[in-house]
Amino acid sequence: MTTAPASPDPTMEAIGHAVAEGRAGNGASARQKLLGLWSAIGVTGDPLHRCSLAHYLADLYEDPAQALAWDIRALDAADAMTEQRVQEHHAGLNIAGFCPSLHLNLADNYRRLGSFEAATKHINAAKTHAPSLSQDPYGDLLRGAIQEVAEAIARRDRSRRASAPGSAA
């Protein structure tokens, strides 16, 4: 989705800068910046901030248990978001569009931990929400990852996917 943000949001901008830093290979610094933002936001802060931050922070942990903790926080925050809040941030977004990725990440972490029943529950939720994905390269990427994780669950494969996002660098 390419529409511009509805209004400036310094916290989302700070999250975005940290994410870019992590994607550029400086995961340790990005993780520290996001953890600092998490402390400032707090567990009762803006659900959009909490969801976005936790979702990206999870990708910065190699350990699936640590990533899982952040992915659970992201889904919990998404459950507390309102469509109005999402639209205030970015006119082209909706909560349903977040769900496939959030459930995919949970499924992948549960799979890596060998909790295949929980992984199956979340990959099925990701599939259920997949029609909300946009018809663009990002949507295609997520649909492919959902299929890849579903196949890994079926094989009881606990290895890290080569295509998984993030790095613990």
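- For Glu151, the side-chain hydrogen bond (donor to acceptor under 3.5 Å, both in side chains) criterion is met by Gln147, not counting sequence neighbours.
- Remark: Thr44 engages no residue in a side-chain contact (heavy atoms from CB on, under 4.5 Å) (not counting sequence neighbours).
- Ion pair Asp76/Arg73 not flagged as a salt bridge, since none of the NZ, NE, NH1 or NH2 atoms sits closer than 4.0 Å to an Asp/Glu carboxylate oxygen.
- The minimum heavy-atom distance between Gly22 and Leu60, with the atom names listed, is CA-CD2, 4.4 Å.
- Atom CG of Asp71 and atom OG of Ser101 lie 8.5 Å apart (nearest 0.5 Å).
- When side chains are defined from C-beta on, Leu106 counts as touching Ile72, because their heavy atoms get closer than 4.5 Å.
- A distance of 11.0 Å separates CE in Met81 from NE2 in His49, rounded to the nearest 0.5 Å.
- Taking CD from Gln66 and CG from Leu68, the interatomic distance works out to 11.0 Å, rounded to the nearest 0.5 Å.
- Counting all heavy atoms, side chain and backbone alike, Ala74 lies closest to Cys51 at O-SG, 3.4 Å.
- Taking both residues in full, the closest heavy atoms of Arg50 and Ala80 are given as NH2-CB, 4.1 Å, listed atom of the first, atom of the second, then distance.
- Under the 4.5 Å side-chain criterion, counting only non-hydrogen atoms from C-beta, Ile15 is in contact with Met12.
- A heavy-atom distance below 4.5 Å is not found between the side chains of Arg111 and Arg155.
- Residues Ile146 and Leu102 fall into different hydrophobic clusters, defined by Ile, Leu, Val, Met, Phe, Trp and Tyr side chains chained together at heavy-atom separations under 4.5 Å.
- Rounding to the nearest 0.5 Å places OG of Ser52 at 12.0 Å from CG of Leu57.
- Between the CG atom of Leu34 and the CH2 atom of Trp70 there is a distance of 8.5 Å, given to the nearest 0.5 Å.
- A donor-acceptor contact shorter than 3.5 Å is absent between the side chain of Asp108 and the backbone of Leu104.
- Interatomic distance, His103 NE2 to Ile123 CD1, rounded to the nearest 0.5 Å: 10.5 Å.
- Under a hydrophobic-cluster definition in which Ile, Leu, Val, Met, Phe, Trp and Tyr are linked whenever side-chain heavy atoms come within less than 4.5 Å, directly or via other members, Val149 and Leu113 are assigned to different clusters.
- Counting heavy atoms from C-beta outward, Tyr138 and Leu142 have side chains that approach closer than 4.5 Å.
- For the pair Lys33 and Ala18, the tightest heavy-atom approach, listed with the atom from each and the gap, is CB-CB, 4.1 Å.
- For the residue pair Asn109 / His122, no side-chain donor-acceptor distance below 3.5 Å is found, with atom types taken as modelled.
- When all heavy atoms of Ser159 and Arg112 are compared, the pair lying nearest together is O-CG, 4.2 Å.
- Within the 4.5 Å cutoff, no side-chain heavy atoms of Thr11 are placed close to those of Asp46.
- Nearest heavy-atom pair, Ala145 versus Arg161, reported as atom, atom and distance to 0.1 Å: CB-NH1, 4.0 Å.
- Side-chain contact check for Leu75 versus Phe98: every heavy-atom pair is 4.5 Å or farther apart.
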